[in-house]
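Data block below; observations after.
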Amino acid sequence: MSGRRYLAFFPDDAAAYDRWREALIASVCGLPRMQVRLENSACLLFAERPVVTLGETGAIVGDLFHRGTSRPTIDLPPPDINAIQRSRGAHLIDQFWGSYVAILAGLGSVDVLRAPIGDLACYRLGGAGGTFIASDIDLLTRFAGYRPSIDWTAVADALITRELRQPRTCLSGIIEVGGGERLSIGDADATAMWSPWRYVPDRQSALDPGEAAETLRRTICLSVAARVSPHAHSVLLLSGGLDSSIIAAALARWQCAATGLTMVTRDLSGDERSYASATATHLSLPLHEIYRDLGAVDVTRSRAAGLPYPSERSFTQATSAAAEALAAATGASAILHGGGGDNVFASVQSAAPVTDLIRRGHIGPRLWRTTASIATLAHATHAAVIGQAITRLARRGPAYRWQPSCELLSDDGNARADEAVRHPWLDSPPGALPGSATHIANILRAIGIVQSPDARAPLPSIAVLMAQPIVEACLAIPSWYWVDRGHNRAVGRHAFADMLPNAIAWRRSKGAPDSFTVDLYEANRDLLRDFVLEGRLAASGLIDRDAVARELARRGPTRDRQYGRILQFADVEAWLQSWL
């Protein structure tokens, strides 16, 4: 087990504390490795592994790293403890990072702070006698008296914006404290303590492109080393693309033991073996090549069972099964992947960087170079890129417009399309640039994909590029630095060009498992018809049942993208049935 589970109880008063304390200690401590880690009149904390203590009034659960170090922080000196308590967590965010949840009960308030970009979940349940927070719903069900039921409004939101995570989960009564938020016990809403906009430069970056690349390289190498430091050996999902190859290079830089795994599809578009092998050979990384197996996927089973969101996709079951088998064979204790890398490295093909340059008054060679790069990426003319940039400059503000996904939903399912796409990070401050807004929206999209994996999982699955120092370093880089000579993610490419084969650092193509998901859909078409059309999701009235039936009745090769939408409906249905 990964040892990430925790449960904390915050009583309303002394009577509630007395009423709950003995029963909780007797029952929770019956679980393997769960022990009382903090006990006072304001909080009773149980966790699987030792915590970083903040005296007698606070504790930090999870992985904590001091900025600039590559090893976990296991204790804190009194000045840091005092600064964390006095600032109600601001000092922790400024001087440390990691995957943690902190409990602060020192100076008149009782606060829970979740790490920015941290993937250790923090679910809140209020009830008679007090408030519980926990790493997973199972602990709340077993020890806090929670009885799961579906929040259909939140399910509709998840269908409209699967990649935009909201505090309101799809289980009634369960609220998620987001990354960088501080919840004061007794308050209805959490307070944002960290915002990506804080790290976007007001005007022009003080770094030139070369300095930006060097800073990013140093930050990534140190952050990757820190995230994997608790693990003697890891499995790296090495696709052969830029993001996972950068992780492999960082692991090699710090001599972190790992074994690579690349997944192969029958179609050449998903066969990345030559690229993965090039990286592995260059870095002396052992590599295993495994074909994606349709037999390893059950579309009626949810990998998100036990989670408060239908956040997992069925086709990933094949990769998970292969990675877990390889981990068992090699003695690995973690699975690493590059999820969110495109988003963090500002991979865009829009004219937003050109708009940014125009708004900053950079009319000259830099503008034309950036225009040429985007034209190459988007397969467009220079005139089209300039035209789009000027149109955006004239007609739209800098704010990013998140487009809802309304395909195959009913009118009831689409009723909250406007509400579902709202998030504080999408509200641009005065003077913001469109490129920065797009970058932040894409980071938000990545967080929705990789945030809060199952704390009960035997092996942690770590999106190592989704780390606070890496995200902050990338946000500080102007949008136009990220495109260069017809390449996206250019700062990342420059940062690791001398550590990777040239064919990897500067490749333009990108593989995808699309053919596998098409095969999965076609192999399960008849099963999907009954599973989706006769299930709880269809009965809820959120999907357009007739339109889905027409899509499933089509014969011949699968050519449009609706198959992915129907597989998403199956994922949601499997998740719903897991809570029956």
Side-chain angles (χ1 to χ4, degrees), residues 1-10 24-25 28-29 31-40 42-66 71-76 80-81 84-85 88-89 91-93 95-106 110-125 130-140 142-144 174-185 190 193-194 226-227 229-231 307 334 451-457 460-462 467-468:
M1 295 290 290
S2 60
R4 292 163 56 86
R5 304 183 78 188
Y6 70 89
L7 176 73
F9 172 58
F10 303 88
L24 284 172
I25 291 176
V28 178
C29 290
L31 291 180
R33 298 188 293 175
M34 288 289 274
Q35 297 181 25
V36 176
R37 307 294 183 179
L38 176 68
E39 182 179 3
N40 56 45
C43 175
L44 183 59
L45 169 67
F46 305 86
E48 284 190 328
R49 63 183 183 183
V51 302
V52 178
T53 61
L54 303 174
E56 297 180 353
T57 58
I60 301 171
V61 183
D63 294 324
L64 181 70
F65 308 100
H66 197 288
R71 306 297 298 179
T73 297
I74 58 176
D75 56 45
L76 291 170
D80 276 322
I81 293 174
I84 291 169
Q85 293 284 20
R88 297 180 64 191
H91 180 79
L92 190 61
I93 290 176
Q95 299 300 319
F96 298 84
W97 68 279
S99 180
Y100 64 81
V101 171
I103 294 169
L104 313 172
V110 181
D111 301 318
V112 175
L113 175 68
R114 182 176 177 182
I117 321 295
D119 62 5
L120 180 58
C122 185
Y123 302 122
R124 177 182 67 170
L125 172 69
T131 299
F132 285 88
I133 66 164
S135 58
D136 55 271
I137 306 303
D138 179 59
L139 291 175
L140 296 175
R142 295 174 66 176
F143 305 115
I174 302 294
I175 301 298
E176 182 171 23
V177 179
E181 290 185 346
R182 183 182 66 203
L183 172 69
S184 295
I185 299 301
M193 297 287 290
W194 183 94
R227 285 305 304 268
S229 60
H231 306 283
L307 299 179
Q451 180 173 290
S452 305
D454 195 340
R456 304 167 303 165
S461 178
I462 305 174
Q468 183 183 346

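The basis for the numbers below is simple: all heavy atoms, side chains too, and nothing from hydrogens, waters or symmetry mates. Please read all numbers here as calculations on a predicted model, not as lab measurements.
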Is the backbone N or O of [Y] less than 3.5 Å from a side-chain atom of [X], with the two atoms forming a donor-acceptor pair by type?
X	Y	result
Arg114	Glu176	no
Gln468	Ile93	yes
Glu48	Arg4	yes
Asp119	Pro453	no
Thr131	Ile185	no
Ser99	Leu120	yes
Arg182	Leu113	no

- Query: Arg37 and Thr53: side-chain donor and acceptor closer than 3.5 Å?
  - Reply: no
Out of curiosity, [X] [atom1] to [Y] [atom2], how far, rounded to the nearest 0.5 Å?
X	Y	atom1	atom2	value
Trp97	Arg227	CH2	CZ	6.0 Å
Leu183	Ile133	CG	CD1	8.0 Å
Leu139	Met34	CG	CE	5.0 Å
Phe132	Phe9	CZ	CZ	5.0 Å
Phe46	Arg5	CZ	CZ	13.0 Å
Thr57	Leu104	OG1	CG	8.0 Å

- Is there side-chain contact between Asp454 and Leu307, with heavy atoms separated by less than 4.5 Å?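 Yes; the side chains approach each other to less than 4.5 Å.
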- Hey, is Asp136 close enough to Arg142 for a salt bridge, meaning N to O under 4.0 Å? no
- Residues Met193 and Gly89: closest non-hydrogen pair is CE-C, 4.4 Å
